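Data first, discussion second: the structure below is written as structure tokens.
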Amino acid sequence: MASISSSQDVIIVGSGVIGLTTACTLQRRLPNVRSITVVASEFPSPSPMIADSPRYSQALPISADYASMWAGAHYRPIPHLPASHPRYGSLTSQQQGFQSQLANEYCLATHTARIMKHLARATPEAGIEIMPGIEYLETPPPENIALKSGDVYAGDDDHFRVYTSAEMEALNKRDAHDGTGQIKWACEYETYVVNVHIYCAWLLQQFLQGGGKTAQKHLNSIGEALQAVPEAACPIIVNCSGTGLWDDPKIKVIRGQTVLVRNQYHSTITRQCADGTWSFLIPRPLGGGTIVGGTKQVSDSETCGRPKERQTLLENAVKYFPDFVSAPKDFDVVQDNVGRRPWREGGMRIEMDELKQDGVKLPVVHAYGAGGRGYELSWGAAEQVCELVGRYSRLQSRL
Ligand SMILES: Cc1cc2nc3c(=O)[nH]c(=O)nc-3n(C[C@H](O)[C@H](O)[C@H](O)COP(=O)(O)OP(=O)(O)OC[C@H]3O[C@@H](n4cnc5c(N)ncnc54)[C@H](O)[C@@H]3O)c2cc1C
């Protein structure tokens, strides 16, 4: 178990899925910490599915930059080429760097999947559900083509299965009349989906019940977190602010527009089209409807839903997933969702750093830049943060 001095306080900046998961992990793994406070400008909000209730109408509107409230969210693995693969040597150094990022994320994602599936079984009220994941790819990369049924794809016991050519032919025949592209690779596996409003509120509740504290404050810099917790002694700051609140040129935001509908689908299904567009359905557990998605628009700052994009998303969902509804008008639309993914070139930044403030050096552990994968990396990332906090504390105690 990691340890920390009992005279030390931890301040976590950010109440998204990364900040809250980190808060719960630190609380469990560092029981002797003096206090843990989560400081953030925004905290989990209720689902728009309960828009008629006073609880919803009294809630503050959520900004597009609070990505955790706009995620689907599902776990969709991204296969990588291991360094031992014969093709690895012929990749450029940039391509190898990307493959090693994916390999690192694979470890975080499979660790997270184990915990998410355990929570789905043990605490269904947390808003996680285990369900089939289905993928249709029109231009599959070699990493996918190399996979065989029975391989580990999403984690232990994922029942991974690649579709046979006959199954894909039947799907392509079904789609032919729509002028749809051809599916060249398809698979099915066991995954999980998350009702983001219920889950983040549940994480926050776990943290508060464990004695955690919160402070709502907009910060202009990470150092300002100290003003929100003036009583903090020897604080360690954990930066889970999404885009970092740090001068980091590798950060970009990626806009995502989706549609929340009341209709409930049975699986999470994704189609990656040859033209680079995506179509997906992500059911939200506990009657949270379904997310029909979605766009990925780099550095697009529009925070309102574009009606034309909504129409395209709904039409594509009808075309690609014909067993859901038979026409766009059959969708019972709740609202357009627009969120901005905090994407970082090279992957999430999880590392120890220092902040110099008023001549004093303060330890900061960064955990930001999860892009489109914050839920699926969350428990793995939190574990790494915990190791860094514990390691820092051990070094301090030896000085
Ligand atoms: C449309 C869409 C679909 C997605 N689908 C999925 C999916 O299916 N699966 C998946 O794993 N991920 C998905 N994501 C990505 C996921 O939402 C993000 O990776 C994740 O939410 C990032 O979490 P975070 O805690 O790092 O940041 P955020 O959720 O953005 O939280 C940041 C926190 O920091 C606080 N903060 C920021 N700046 C300040 C400041 N100046 N002062 C005080 N507080 C501050 C905010 O108030 C907030 O509490 C999706 C995202 C979008 C937009």
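Counting convention: from 1, in listed order, for ligands and their atoms alike. These numbers come from a predicted model, not from an experiment. Quick note: numbers below take in every heavy atom, side chains included, and nothing from hydrogens, waters or symmetry partners. Count residues from 1 along the sequence.
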Are any of the N/O atoms on Y66, whether in the backbone or the side chain, positioned under 3.5 angstrom from an N/O atom of ligand 1?
no

Sub-3.5 Å N/O-N/O distance, G374 and ligand 1
yes

Give yes or no for whether the N/O distance cutoff of 3.5 Å, strictly under, is met between S41 and ligand 1.
yes

Can you find an N/O atom of H74 closer than 3.5 Å to an N/O atom of ligand 1?
yes

For ligand 1, does R255 get within less than 4.0 Å through its side chain, its backbone, both, or neither, judged by non-hydrogen atoms?
neither

Please check whether A67 reaches ligand 1 - meaning an N/O of the residue sits under 3.5 Å from an N/O of the ligand, judged on distance alone.
yes

For S63, does its backbone N or O pair with a side-chain atom of W70 as donor and acceptor, under 3.5 Å?
yes

What protein heavy atom lies closest to atom 41 (N) of ligand 1? Include the residue and the distance to one decimal.
L219 O, 2.8 Å

Any donor-acceptor pair under 3.5 Å linking the side-chain atoms of T295 with those of Q297?
yes

So is there a nitrogen or oxygen of V39 less than 3.5 Å from a nitrogen or oxygen in ligand 1?
no

Nearest protein heavy atom to atom 51 (C) of ligand 1, by residue and atom, and its distance?
R341 CG, 3.5 Å

Backbone N or O of P140 within a donor-acceptor pair of the N144 side chain at under 3.5 Å?
no

Examine the proximity of ligand 1 to R373 and report which part, side chain or backbone, both or neither, has a heavy atom under 4.0 Å away.
backbone

E383/R29 under side chain to side chain contact (heavy atoms under 4.5 Å, CB included): CA gap, chis, key distance, verdict:
CA-CA 9 Å; E383 202 60 47; R29 304 249 290 131; 2.6 Å; yes

Sub-4.0 Å atoms of ligand 1 with respect to non-hydrogen atoms of S15:
33 (C), 48 (C), 49 (O)

Describe, in one word, how the ring planes of Y153 and W185 are oriented to each other, choosing from parallel (under 30°), tilted (30 to 60°) and perpendicular (over 60°).
tilted

Run the numbers for me: atoms of ligand 1, each under 4.0 Å from some heavy atom of G339, listed by number.
53 (C)

For the 3.5 Å polar cut-off, considering only N or O atoms, please tell me whether G72 and ligand 1 meet it.
yes

Please determine, by modelled atom types, if T92 and Q95 share a side-chain donor-acceptor pair under 3.5 angstrom.
yes

List every atom of ligand 1 that sits less than 4.0 Å from any heavy atom of A73, numbering the atoms from 1 in the order shown and giving each element.
7 (C), 8 (O), 9 (N)

Which ligand 1 atoms, with their elements, are less than 4.0 angstrom from a heavy-atom of L245?
40 (C), 41 (N)

Using a distance-only test with no angle check, is there a side-chain donor-acceptor pair under 3.5 angstrom linking Q205 and E125?
no

Hey, is the main chain of A327 close enough, under 3.5 Å, to the side chain of D330 for a donor-acceptor pair?
yes

Distance-only side-chain donor-acceptor flag, N263 / T290, under 3.5 Å
no

Is there a nitrogen or oxygen of N220 sitting under 3.5 Å from a nitrogen or oxygen of ligand 1?
no

Nearest protein heavy atom with distance in Å, relative to atom 26 (O) of ligand 1
I18 CG1, 3.4 Å

Could you label the plane-to-plane angle of the Y163 and Y136 rings as parallel, tilted or perpendicular, counting under 30° as parallel and over 60° as perpendicular?
perpendicular

Among all protein heavy atoms, pick the one closest to atom 2 (C) of ligand 1 and tell me residue, atom and distance.
W70 O, 3.6 Å

Ranked by distance from atom 34 (O) of ligand 1, the top protein heavy atom is G14 CA, 3.3 Å

Locate the shortest heavy-atom distance separating Y75 from E376; write the atom from each residue and the value.
CA-OE1, 3.2 Å

Below 3.5 angstrom, do we get any N/O pair linking D65 and ligand 1?
yes

To which of G16, P44, S241 does the heavy atom nearest atom 38 (N) of ligand 1 belong?
S241

Do you see a donor-acceptor pair shorter than 3.5 Å between the side chains of H74 and T268?
yes

Which residue and heavy atom of the protein sit nearest atom 3 (C) of ligand 1, plus the separation
A71 CA, 3.6 Å

Atom pair CD1/OG of I18 and S241 - distance to nearest 0.5 Å
11.5 Å

For ligand 1, is K217 a contact, meaning one of its heavy atoms is under 4.0 Å away?
yes

Ignoring hydrogens, just give me the one of A40, S378, G371 whose non-hydrogen atom is nearest atom 19 (O) of ligand 1.
G371

Do you see a donor-acceptor pair shorter than 3.5 Å between the side chains of T312 and E309?
no

Distance-only donor-acceptor check, side chains Q216 and S41, under 3.5 Å
no

Aromatic ring pairing F331/F324, orientation class (parallel under 30°, perpendicular over 60°, tilted between):
perpendicular

the protein heavy atom lying closest to atom 12 (N) of ligand 1 turns out to be G372 O, 3.0 Å

Using distance alone, determine whether S68 and ligand 1 share an N or O pair under 3.5 Å.
yes

Checking a contact table here: which protein heavy atom is nearest atom 27 (O) of ligand 1, and how many Å away?
G242 CA, 3.5 Å

